[in-house]
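Step one of this worksheet: look at the structure below.
Throughout, protein chains are lettered first and strands after them, A, B, ... in sequence-line order, and every chain is numbered starting at 1. Keep in mind the model is a prediction, meaning the values are calculated, not measured.
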There are 2 protein chains.
Amino acid sequence: MSTIAMARNGDLRRAILDESRRLLLEEGYASVSMRKVAAAVGCTATSIYLHFENKDALIHALIEEGMDLLHEVLLEASCCETPVPERYKGMCRAFLDFGLANREYYEIMFQMTPMEMRRYPTEKYRKARRNLELFAEVLLEARGTSTDFDPALGSIVLWSQLHGALSLIHAQRVDKRYDTEVFIDSTIAHAMCLLQPASTSSPTHS
Amino acid sequence: MSTIAMARNGDLRRAILDESRRLLLEEGYASVSMRKVAAAVGCTATSIYLHFENKDALIHALIEEGMDLLHEVLLEASCCETPVPERYKGMCRAFLDFGLANREYYEIMFQMTPMEMRRYPTEKYRKARRNLELFAEVLLEARGTSTDFDPALGSIVLWSQLHGALSLIHAQRVDKRYDTEVFIDSTIAHAMCLLQPASTSSPTHS
DNA sequence: ATCGGCAGGTTTACAGTGTAAAGTTTACAC
DNA sequence: GTGTAAACTTTACACTGTAAACCTGCCGAT
């Protein structure tokens, strides 16, 4: 009823986004269908198309919101007052916690492949890149830049490692003998070695 | 015509699996629908249900085939004659190559989440675990077992790292400035540090 | 030889999906 | 008041997974 009022008040686009997010987080991705969103918002399925080109565009908008949320979390963890190793560790943990606490959000942000969705448009990667840059900064501070270390590349390697862990946890493919926290701790421990130059373990560029 | 003959020859289940795999690899997951599989095989959509409980069960059977294929590849790479670091590196590369060369296979094996599919039944994880054990073996050989290193846990951490890399490549979320090969090389370089005990980077168990 | 049952297959149907096309209402400028 | 443009609804289509009912040919017992 109140949502219907919102719709009539003109900002239907906003209402659609809000209800989509609620459906996504509360009832899972399977419940985000044009008809269900429309019903929740109090309009017709097809009128969503007046505000979003298609379902993918709607999902893309949600992804962007998720990227903003993640950015806030990472910004807070990357406070420059704490020394590098702790700060780095804190950022890794913040990323992992975000993924664990916002499963559905995380999945549409990083897990959704071209298999089930048109590719996330390239021009929208800005916000995703911003998050990586926070990791690159702390890597740069720890190791500097030289011919045998590229912070940007390092941040991608780090990201992919953290992402892999979340991906397997979400898909519930991690052996139940290991508690999630044990796995997470080991993941962070492994990630720590990107901080130190090692004879065989530094990502080098060309 | 020949496939129809196959179906009539009794082994319809086999024909369904073959055509599903072909559709998956040649036309992508989106083309694996009960009706399309049935059309390709020369039977009705619903008669697939006589051989598979539902679509998920069909996909699960394909996953199992994929696990077998991966196992062959890893077995070959884990030949005990080459010294540990090279062997380890070779196995990592074999895993990554498998993921790169068999995108669609890999995605249904590891990328498909409960979001879009009923969970892969626990009793079928045997084959998936076999593959992890190959990694655990070489880790054990390199570092032994002690209070501060658990090869099984280490293999999961390694696996999650390799998986993360493949996942991002598949979803085309890796910055185009970096060639896939450069990223892959950096990933392997980072994975190498699981071979050496390091003050802060060894996965410990409880 | 015939009947019963049954495994394997088909027909039909239903409820759900995304979305295109056409029709309707509302709001505002002149 | 009338013209126009934007916002929204109605209707429709092609597609999905799958349940229920029906048919059909084989195999073993009477």
State whether a side-chain donor-acceptor pair under 3.5 Å links Q161(A) with H190(B). yes
Euclidean distance, atom CG of residue L12(B) to atom C1' of dG8(C) [Å, nearest integer]: 9 Å
Taking atom P of dG9(C) as reference, at what distance in whole Å does atom CZ of F52(B) sit? 12 Å
Are T46(A) and dT9(D) close enough that a side-chain N or O sits under 4.0 Å from OP1 or OP2? no
How close or far is atom P of dA22(C) from atom CG of L50(A), stated in whole angstroms? 16 Å
Please report the interatomic distance CD(Q196(A)) to SG(C193(A)), rounded to the nearest 0.5 Å. 7.5 Å
Is the shortest side-chain N/O distance from S47(B) to OP1 or OP2 of dT10(C) below 4.0 Å? yes
Calculate the interatomic distance between K36(B) atom NZ and dA14(D) atom C1'; express it in whole Å. 12 Å
Quick one: does I184(A)'s side chain get under 4.5 Å of R93(A)'s, heavy atoms only? yes
Starting at the 5' end of DNA chain D, which residue's closest nucleotide do you reach first, D56(B) or A45(A)? A45(A)
Mind calculating the distance between CE (M34(B)) and P (dT17(C)) to the nearest angstrom? 19 Å
According to a strict under-4.0 Å criterion, is H51(B) in side-chain N/O contact with OP1 or OP2 of dA7(C)? no
Of the candidate nucleotides dG17(D), dT19(C), dA19(D), which contains the atom at the shortest distance from the side chain of N54(A)? dT19(C)
For S33(B), which contact category applies under a 4.0 Å heavy-atom criterion: base, sugar-phosphate, or nothing? sugar-phosphate
Between the side chains of K36(A) and E19(A), is the shortest nitrogen-to-carboxylate-oxygen separation below 4.0 Å, so that they form an ion pair? no
Take the protein atom CZ of R13(B) and the nucleotide atom C1' of dG9(C), then report the distance between them rounded to whole Å. 17 Å
If only side-chain N and O atoms of T44(B) are considered, is one of them under 4.0 Å from the OP1 or OP2 phosphate oxygen of dT10(C)? yes
In whole angstrom, what separates I16(A)'s CD1 from dG18(C)'s C1'? 15 Å
If we ignore hydrogens and angles and just use 3.5 Å, is the side chain of R13(A) paired with the main-chain N or O of L50(A) as donor and acceptor? no
Using atom CZ of R35(A) as one end and atom C1' of dA12(D) as the other, report the distance to the nearest whole Å. 11 Å
Which base sits across from dC30(C) as a Watson-Crick or G-U pair, both distances under 3.5 Å? dG1(D)
